[in-house]
Amino acid sequence: MRFIIKRGADPTARADATLLVAMGLPGGGVVALGDTHAVVAPGDVPSPNALLVGPRTLDNAGLDVGESVDVRRAILPRAQRVVLGGATSPLDARHLTRALQGRPVTVGDRLAVKGAYGADDDTETELIVAEVEPAPAGIVGPGTIVHEAGRTPPGVIAHVASPPGETPTTAEALLAGLDTEREILTGWFSLLTSSQRLPTTWGLPEVAGVIVEGPAGCGRSELVDAAARDAGAAVHEVPLDMVFKPDRLLTLLERSVKETSPPAIIYLDHVDSVAGSDGMFETQAGAIFRWFLDAVADRPRIACVLGVSSSTRLNAAISSSPLLPRRLVIPPPDTQRRALLFEAALAQVPQRNLDFDRLSARTAGFSGADIMAAVLEATALVATSGAPVTQELLERAVDGTPPSLGTTSLGEMPSYGFDRVANLDAVKQRLTETVIWQMTDPDRFRRLGIEPPKGLLLWGPPGTGKTYVVRALAHESGAAFFPIKGAELLDKWVGESERAVREVFARAKAVAPAILFFDEIDALAPVRGNSTNTVTDSVVAALLTEMDGVADRGDVFVIGATNRRDLVDPALLRPGRLEVHLRLGLPAAEARAAFFSISDVPFADDIDLERVVADTEGLSFAELAGLLREAALQALRRDPESIAVSGGDIADALRALRERSDEA
């Protein structure tokens, strides 16, 4: 698709949202632009075919302002290795990886990297991308090895602890809210690296270490560093990203066992990429890792940590080994942890009127690294002017940062809010109090010593806007939105419907805060004992289990909608479940007038809206929308070039609607 290049200021290019949808990039993505690749996102542009591009991206692309250029969607692989040139002094490889996190890099690109986050020196270093594997371009991910030209990445990387201080580092920001996990891991490290050799003294079984599981970018490496520091042990990392042969893997592991001095932790991240179900030599890797675990268990005061994204992908011989008795799971950041991450990351940044709870609510599906990337982008926008970071700038940066937890569905994000909901002020206020308050300002409830409601039921005649208003609520709250038709989860096979219910809640919990919307819930959860089969009874039991929090569902709000409240099982309607009941009846005259006032259908001057409002007494919102649609078709039949609906068109449409109702 061809665009006209316009000068922008953001590192992220901006284009018209409609054209991005046509390109298959509804929320933005990576595009090929001239000689480089760039991240593009929807934004305000001067014309539909304009593409706003920052100066550095323009230079890398070899393009000029005003030039017409063909822009294509690009699907880049994750870069295994990126080699940078042009540095005048040595740079920290781990900081380079974090600074470029999530960015597309192309051979020949010129980049600017700041000093370590939170450091006093804010000088930018100009770098050139000399090499990318696989060539010629890729996305920098958590597993990408980034280093300077002329330097070979070592087989074992010693982790250097950051000096303690008031300024939060990247590691401290990623560790926010992981106090429990840190305490557990510290205990294990203290046990396995103790100078008293406690496992042998106490007659405990041999143990090699633990498995640390969690999504990429959520702080696995930082957690291991912090726990080892608390336990008084050093950390030595063995990079596995560039291991393509069993011999290389055996050499690295053998060297790490021999060269590591106690007390120490041998840390292997991304183990599932080598010894997982997708690994190139899974069987051989399984055998090598079994030897490695035996070798570590034989060495006093040495322990190992295997970092994985998902233990279910790991070779069963490793994940079920008695030498790895503990699996510690780092959850995706929830609302509270995301707020802490923003607060820690921005502690030393000049700022004004920031609402961390609102930022947290807008970043469902973000990892810790994604939040740091958004903060870095916001600070880059004000670096030249010296102005403080504002809420608006941060929200722009958040919108331009794609969530990296790509294996988890982020649900839908409706495109309209309460401004498109006609009247219904009392309903909108109650929804705001029940749902939005607990996501943006949970202290309101804590101050009064109560738990916020976790469920709500909308009921009333068909066509009164129940589904429409819930979608607007999802937009206003910024939560991930999962709409589910009641009958979608029903399956004739035993156990499948209950499994579907559990999976729906699990997906929502993974990207909390989230809204689960069960439309036509009377079909999914009818009164037990009245159904002709046992499937719905089992589904009701599964719903009750999830909603009671037997398996903690986290910051997930459940909304049901039905035309017949009396058909829903009473157990679902009690306090603690779908406890708030809101009835949406047929719209009153004020609601109908508001509906016509916000309609996109253009009206001719001869239309008397007060008369139309009076003539539509007893019609639902769905019928009013159908009335306007039919009137617009009448206008086009009368005149194909028509640009407005006349009073006669409305009268004809209303007459046709009444006739259909009488026939029914």
Side-chain angles (χ1 to χ4, degrees), residues 409 411-412 424 427 430-431 434-435 452-474 479-509 514-554 556-586 620-623 664:
S409 170
E412 299 181 11
L424 300 181
V427 172
R430 191 67 188 276
L431 290 172
T434 306
V435 182
K454 287 292 186 180
L456 178 147
L457 180 73
L458 289 173
W459 66 285
T464 51
K466 295 183 290 293
T467 302
Y468 192 87
V469 76
V470 170
R471 287 182 167 273
L473 169 68
F481 181 57
F482 295 85
I484 301 147
K485 288 286 186 182
E488 288 180 4
L489 299 182
L490 298 179
D491 196 297
K492 67 179 180 179
W493 303 108
V494 175
E496 287 300 303
S497 298
E498 300 92 304
R499 182 180 62 82
V501 171
R502 290 193 298 271
E503 288 181 352
V504 163
F505 275 87
R507 288 203 308 270
K509 181 182 176 182
I515 294 175
L516 274 177
F517 175 50
F518 293 96
D519 203 1
E520 302 171 1
I521 195 171
D522 51 296
L524 180 67
V527 178
R528 284 173 288 183
N530 292 352
S531 178
T532 57
N533 60 66
T534 59
V535 173
T536 53
D537 290 357
S538 301
V539 170
V540 172
L543 277 172
L544 295 176
T545 299
E546 294 293 338
M547 295 183 66
D548 279 341
V550 172
D552 179 23
R553 73 171 190 259
V556 176
F557 195 88
V558 181
I559 299 177
T562 179
N563 302 330
R564 296 280 305 274
R565 182 174 58 168
D566 57 304
L567 297 182
V568 181
D569 192 274
L572 277 172
L573 306 181
R574 72 159 175 78
R577 294 166 183 166
L578 301 180
E579 62 180 85
V580 179
H581 297 181
L582 293 181
R583 184 179 187 276
L584 272 67
L586 293 174
S620 67
F621 283 124
E623 290 170 325

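Each residue takes its place number in the sequence, starting with 1. Here the structure is a predicted model, which is why all the values come from computation and not from measurement.
Side-chain atoms of E546 never come within 3.5 Å of backbone atoms of L543 as a donor-acceptor pair (strictly under, hydrogens ignored). Between the side chain of K466 and the backbone N or O of L584, no donor-acceptor pair lies under 3.5 Å. Counting only distance, with no hydrogens or angles, the side chain of K454 and the backbone of E579 share no donor-acceptor pair below 3.5 Å.
Annotation: side chain to side chain contact (heavy atoms under 4.5 Å, CB included) contacts of A542 (sequence neighbours excluded): E498, V501. Listed by chain and number, the residues in a side chain to side chain contact (heavy atoms under 4.5 Å, CB included) with R564 are T562, D566, L567 (sequence neighbours excluded).
With respect to L456, the side chain to side chain contact (heavy atoms under 4.5 Å, CB included) criterion is satisfied by exactly one of V558, L431, L578, V470: L431. No option in I559, L458, T434, L457 other than T434 meets the side chain to side chain contact (heavy atoms under 4.5 Å, CB included) test with V580.
Counting all heavy atoms, side chain and backbone alike, A523 lies closest to P526 at O-CD, 4.0 Å. Considering every non-hydrogen atom in both I521 and G560, the closest pair reads CD1-CA, 4.2 Å. Between S620 and P462, the shortest heavy-atom distance links the atoms CB-O, 3.8 Å. Considering every non-hydrogen atom in both F557 and P453, the closest pair reads CE1-O, 3.1 Å. Contact between F621 and G465 at its shortest, heavy atoms only, is CD1-N, 4.4 Å. Closest of all the heavy-atom pairs between G585 and T464 is O-CG2, 3.4 Å.
Within the 4.5 Å cutoff, the side chain of D522 has no heavy atoms near those of the N563 side chain.
Taking CZ of F518 as the reference point, atom CD1 of I484 lies at 4.0 Å (rounded to 0.5 Å).
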